[in-house]
Each structure stands twice: as structure tokens, then as C-alpha cells.
Number of protein chains: 2
Amino acid sequence: MAKAKRTLKWQRDPEGMRLRILEAAKQEFSTHGLAGARVDRIAAKAGANKRMLYYHVGNKDELYLAVLEGAYDKIRSEERGLDLEHLDPPEAIRRLIEFTWTYFLRNPEFLSLLQTENLARAKHLKKSTKVKSMHSPFVEMIRTVVRRGVDSGDFQVAVDPVQLYISIAGLCFFYLSNSATLSVIFGRDLLAKDAKDERLSHMVGLVLAALTGRSTALFEIAKAPKSRSAVAQTV
Amino acid sequence: MAKAKRTLKWQRDPEGMRLRILEAAKQEFSTHGLAGARVDRIAAKAGANKRMLYYHVGNKDELYLAVLEGAYDKIRSEERGLDLEHLDPPEAIRRLIEFTWTYFLRNPEFLSLLQTENLARAKHLKKSTKVKSMHSPFVEMIRTVVRRGVDSGDFQVAVDPVQLYISIAGLCFFYLSNSATLSVIFGRDLLAKDAKDERLSHMVGLVLAALTGRSTALFEIAKAPKSRSAVAQTV
DNA sequence: GGAGAAATTAACTCGTTGGATAAATACTGT
DNA sequence: ACAGTATTTATCCAACGAGTTAATTTCTCC
């Protein structure tokens, strides 16, 4: 009892501290941007002294880059877990869209960080050798899926995989990253459950219809006899 | 000669001054974001004394909101100039995509401002009664175009105009606003002339194929006999 | 049980920045 | 030509914020 380490003023935990700092920094940078982020707030949020940031990671810019690299690392690693090889081409594309959509929904900080970095014209990312070597496995996945789809006759068009990747990401990204201003302008909450479900249907329908040349059930509202009146309202 | 207003220390020009301030502020806010923008730099760029900003517009936040409102005002006014009524539905959609694309290309600051405002979760926009009343005429235009297309049999699907509007904007917006990080990751310059042309073709092809159910010439690479080998390379 | 290294805290520095005050200069009507 | 107002300049300042210095506490290994 007498030897017990009671009433220690603080705990030592370099690993945990570094993680807490990076997590706090991610929150701060994603909610306030690079210039708007406050080093003191990061420290406070991490339950640390400000000096710790510089001790464990580096100055504000290095901290920011570390967060950015971590964010890319995370999405790339999840992307690798998704194997589209065994699915038939249309199903693979649907899976791809759903993954992108839900990943963005689950990781809103990632969207904010990308926005921030693009506002800076990728100044920091260009300096990162780490990120440059982390190629998205999606492009190659899409390439083979499209090839298979064309060969099997499922797809009418042989689209450039990079273009398709950017299109899918763009359809998801813009809706979510700009949901705040769009919600104001359209006067409706785009982040409500219903709205999000509707959006996913729309995106899947749009892309699959374009690729297969056949409008899918989800997208094909015009022909459905039952929804005639509903169409008249929404369209 | 003696009465000539020679060697005046400064000119009076309230209108011009206000415009120069707003233009300078637009540049500053779009390149540095809200927090990163410097009031002194805006003054210098406008060729004015810092006090002038507060005299003619207001503090930093009011200045920012004025710039944002001006940006929305500008795009809405240009949108109104585009009448799609006389075009057949597919051509109207193509025109819409081309306008959105070229507007974003001609006004990169608009993209940056939107990014900045969304990073702030539209905090300022919500306070603007002015912007809320500036509805985009596009939604109604699209509504009628889609209806006409469905009636004429040109379109297979009756898509929600808001969804389509967001999709078109998203396809254009994401590519351009994120071109910096995407260029780093893909190791190619997405803002090169060729890349931009290719992108526009892709977007028009994608959307029109989805709506009409027929892959358009631009999009339909797979079937073109001449490009067989080219397809093998790109796909 | 003590010396040296690692981790953490407290307090300080110093340039920057948004905003304010007051004085000077130009314009307008009479 | 003068009074009153509108526009512009020249300074100032208090708060903030990134980064530093130096002291303090904990750990490790002998």
C-alpha cells in the first residue's frame, strides 16, 4: 500500500498520447480548416499540454500532414478489403457506389480534410511521398469490372475507369460535402434519412443505367404504372 | 491651369472603391478561405486603406457574406440567361451540362467560396435572406425538360429534377474543386486541355446515356470498331 | 537507490491581426 | 467662399496564437 503509485500527477503513455493528439487534430482541422484550427484547442481536446504536440508530432503543418496521411491511409485500407472480383459487373458497380457513399457518410472528417487540402491546392499533399505511393485499388478494380462487363454484354460502353471513379466519387462527395449550402438553397434537409436513401437510389440508378443501357428498377420511375400520379407530383 | 485639380492627394470614388474592395475580397477569401484571409491584404489589393473596408462594407464576416451573396447573384443571373425551352430534351440536357462545366471553369473562385462556406456548415449563408430568395431557375427548367423528354419518348426515366441538378453539378464540381488532390494521386494533370475535354465528353455521355437508355456516340467507345485497340489500352 | 533518459507541465516571447480613434482631405449646396 | 458632410489616411492597441525555454515528474536499468 505504501509503495503503491498513488497520487501521481500524470500518467506516461507516449503511444496513447500520440494517438489522442492525432485524433484531436483530425477533429480540429476538419471542423475549422487549416488556418482556422487552433493548436491550443487540439492540445486541450487531446487532454495534453501544447508542448506535447511539438514533442510527439511537430509543428502545425506537420500535424496537419500527419492527419491527412492518416485519413488517406484509412480509406485506402478499407478499399482494399472490398473485392469486386467475384460479383457480376452490375452488382460490382452497385457495391462500389454503396461503399463510397457509406464511407463518406461514416467519415465526414475525410470530406472536410479533402476540401481543406484542395483549397490549399494540394500544397501539402504534394510533399507527401507516403500518400503518392498509396494508389487507390479502385481504379484497377474498375478497369477489370468494366472489361468483364463489356465482354459479357452487360455493359454497353467501355468507360475509362478513372473517369468512372471520379464520377462515382463526385456524385457522392458533392451531395455530402455541399449538403449545408444545398439544404439552405433547396429549403430541405438533405441529410435526413429519407433524402439520403433517395440519393443512393438515384446514383446507383444513374450509373447503372448509363453503363447497361437499361434503366434499372430503382431508376425507372417513368414507366411504373402505379407511380403515375406520384411522378406527376415529383416531376 | 491654376484652377486645375492638380496634385490631389487622393481621388473620391465610393462606387469604384466598393467594387474594388469586393473584388479584392473575393480573391482573398477564395484563395485563403475565411480564417486564412487577411483583412490587410484585401485592403492592399484593393488599393485602399484598411479603414475603407469597414466604412464601405463592414467587418470581416460582413465582407465575406457580401462576397458570397455576390457570387450567388452572378451565377443565378447567368443561369437565367440560358433558355432550354426551345431545345429538344437531350440537347437541353447537354447544354445544361456544358453551361455548368464552363461556368465553373470560368469562375474558380465560386467553387472555392462554396467549399469554404460548406466547411463552415453554411453558417453565414443561413443568415442571408438575400440568397435564400434567389432560387436557381435550373430546377424548374429541368423539371419541364424531363417531362417533355418522357412525353416525347426521348427519355426512359422520369428523374427527380433536384437529384439530377445535384448530380450534374456534382460531376462538374468534384472534378474541378478536387483537381489538385486528384492530380497528385493519379499522377496526371486533370486541368490540362485534353483532360478537360475528355471529362466533358464523359459527363455528357454518362448523363444522356442514363436518361435516354441509348449510349451516345461520345460515350459509346466499346462498340466503335475503329477504336478497338484504343479501348484495350484505356480500358 | 541513484543516475540518466524520456515524458510532461508551466510560463513566456513576440510577431500578427482584427478592429478602433482621430485627424485630414475632398465634395456639395448655398 | 464657407459650412457641413462624405470619403480617405495615418496611427494605435489589445487580444490572440504559434512556437520556445526551462523546470518538473516519471521511468528504466544497473
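So you know, we letter chains A, B, ... as the sequences are listed, proteins then strands, and number each from 1. FYI, side chains are in, hydrogens and waters are out, and symmetry mates aren't considered; it's all heavy atoms of this structure.
Straight-line distance from the CD atom of A:E15 to the C1' atom of D:dC27: 15 Å, rounded to whole Å. In this structure, A:Y55 places its OH atom 16 Å from P of D:dT20, rounding to the nearest Å. One can place CD of B:Q11 at 15 Å from C1' of D:dT9, the figure rounded to the nearest angstrom. Computed from coordinates, the B:L53 CG to D:dA10 P distance equals 15 Å when rounded to whole Å. Atom CE of A:M52 and atom C1' of D:dT21 are 13 Å apart (whole Å). Distance CE (B:M17) to C1' (C:dT25): 13 Å, rounded to an integer number of Å. A:Y54 has its OH atom 17 Å from the C1' atom of D:dA22, to the nearest Å. The distance between atom CG of B:L34 and atom C1' of C:dT17, rounded to the nearest whole Å, is 14 Å.
Residue B:A43 is classed as having no contact, given no heavy-atom separation below 4.0 Å to the nucleic acid. B:A37 comes within 4.0 angstrom of sugar-phosphate atoms only, judged by non-hydrogen atoms across all strands, and of no base.
For the ring-ring contact (aromatic ring centres under 6.0 Å, His included) criterion with A:Y175, the lone passing option out of A:F104, A:F186, A:W101 is A:W101. When each of A:E28, A:K50, A:K45 is checked for a side chain to side chain contact (heavy atoms under 4.5 Å, CB included) with A:D40, only A:K50 meets the rule.
B:Y64 and B:E117 share a donor-acceptor pair across their side chains, judged by distance under 3.5 Å alone.
Atom CG in B:L65 sits 5.0 Å away from atom OG in B:S128 (nearest 0.5 Å).
Nearest to the side-chain atoms of B:N59 among the listed nucleotides C:dG19, D:dG19, D:dT9 stands C:dG19. Taking every side-chain heavy atom of B:K50 into account, C:dG18 is the closest of D:dT24, C:dG18, D:dA18. Comparing atom distances between the B:D40 side chain and each of C:dA7, C:dG18, D:dT8 picks out C:dG18 as nearest.
Not a single donor-acceptor pair, N or O on each side, falls under 3.5 Å between the base of C:dG19 and the side chain of B:K60. Side-chain N/O atoms of B:N49 and base N/O atoms of D:dA10 include a donor-acceptor pair closer than 3.5 Å. Residue-to-nucleotide contacts include a donor-acceptor pair under 3.5 Å from the side chain of A:R51 to the base of D:dT21.
Between B:S30 and B:S112, the shortest heavy-atom distance links the atoms O-CB, 3.2 Å.
OP1 and OP2 of D:dA6 both lie 4.0 Å or more from every side-chain N or O belonging to B:H56. OP1 or OP2 of C:dG18 has at least one side-chain nitrogen or oxygen of B:R38 nearer than 4.0 Å.
Summary of the strand contacts: B:R12 and B:G47 both lie near DNA chain D, and taking for each the nucleotide with the nearest heavy atom, the more 5' one is attributed to B:R12.
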